[in-house]
Amino acid sequence: AQSVTQLGSHVSVSEGALVLLRCNYSSSVPPYLFWYVQYPNQGLQLLLKYTSAATLVKGINGFEAEFKKSETSFHLTKPSAHMSDAAEYFCAVSTLRGNNDMRFGAGTRLTVKP
Amino acid sequence: DTGVSQNPRHKITKRGQNVTFRCDPISEHNRLYWYRQTLGQGPEFLTYFQNEAQLEKSRLLSDRFSAERPKGSFSTLEIQRTEQGDSAMYLCASSLGGGKLFFGSGTQLSVL
């Protein structure tokens, strides 16, 4: 079965610094990959998704992620962190077009220091 | 678009009692998912509906758990004879496909 591993349960950066959140996946078939964000007291929201079209995927709020098959990775980046980026970030993988087999990682909590 | 609505937001119950949660998805969404999330973990898949048909159930879903989606609209998740290990946030999501799931804010269950 497919799975994702998020490296680092907590990441802390200074405002304006690069954000890098790591995700590695395991799948026996070409995967669909996603990043979701959860702000305090809110539901998860889709940030971006990879569906085999382009390996570099741009999402909302200046985030992007690059699919690297050789490294089985899908790391999330943002060039300059903003205070409003503080949240929990979840990587997810699916193998079916209907995405009814979507599986999430354990999450990475991002803290942004002023 | 009023989003995915879940009720109640919080539920406190005693061990052995039955509880039922409701999820109202975005009206035109045919796919509906239930997940469970515990502290420090990501959402764990429980079950999936396409319209009124329950197409997949996780092995996590013991026979104490049952979910329905009558008429393909709202869904209910019932837990019978609750145990302390059932304490978690129960999340509902709906989708039209394409991997974009819209999540509700969840129902926090505490079993005493």
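Letters A, B, ... are given to chains in the order of the sequence lines, protein chains preceding strands, and every chain is numbered from 1. Keep in mind that the numbers below use all heavy atoms, side chains included, and drop hydrogens, waters and symmetry copies.
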Any link between A/Val93 and A/Leu76 through a network of hydrophobic side chains (Ile, Leu, Val, Met, Phe, Trp, Tyr) touching at under 4.5 Å?
-> yes

When only pairs under 4.5 Å are counted, which of B/Leu101, B/Leu96, B/Thr47 shares the most heavy-atom pairs with chain A?
-> B/Leu101

Tell me, side chain or backbone of A/Gln45 under 4.5 Å from chain B's heavy atoms, or both, or neither?
-> neither

Per-residue contact mode, B/Tyr35 against chain A (heavy atom under 4.5 angstrom) | side chain

Tell me, please, which residues at least two apart from B/His29 pass ring pair (Phe, Tyr, Trp, His ring centres under 6.0 Å).
-> B/Phe102

May I ask you to test the A/Asn41-B/Ser105 pair for a side-chain heavy-atom distance under 4.5 Å?
-> no

Which atom names give the shortest non-hydrogen contact between B/Gly42 and A/Phe90, and what distance separates them?
-> CA-CE2, 3.5 Å

Residues passing the ring pair (Phe, Tyr, Trp, His ring centres under 6.0 Å) test with A/Tyr36, sequence neighbours excluded, are A/Phe104, B/Phe103

Contacting region of B/Gln41 [heavy-atom separation from chain A under 4.5 Å] | both

Connected via hydrophobic side-chain network under 4.5 Å: A/Leu48 and A/Leu46 | no

Contact leader toward chain A among B/Gln37, B/Glu44, B/Met89, where contacts are heavy-atom pairs under 4.5 Å | B/Gln37

For chain B, which residues from residues 105-114 of chain A have at least one heavy atom closer than 4.5 Å to it?
-> A/Gly105, A/Ala106

Contact part of B/Leu91 toward chain A, heavy-atom cut-off under 4.5 Å: side chain, backbone, both or neither?
-> side chain

Among residues 62-70 of chain A, which residues come closer than 4.5 Å to chain B, judged by heavy atom distances?
-> none

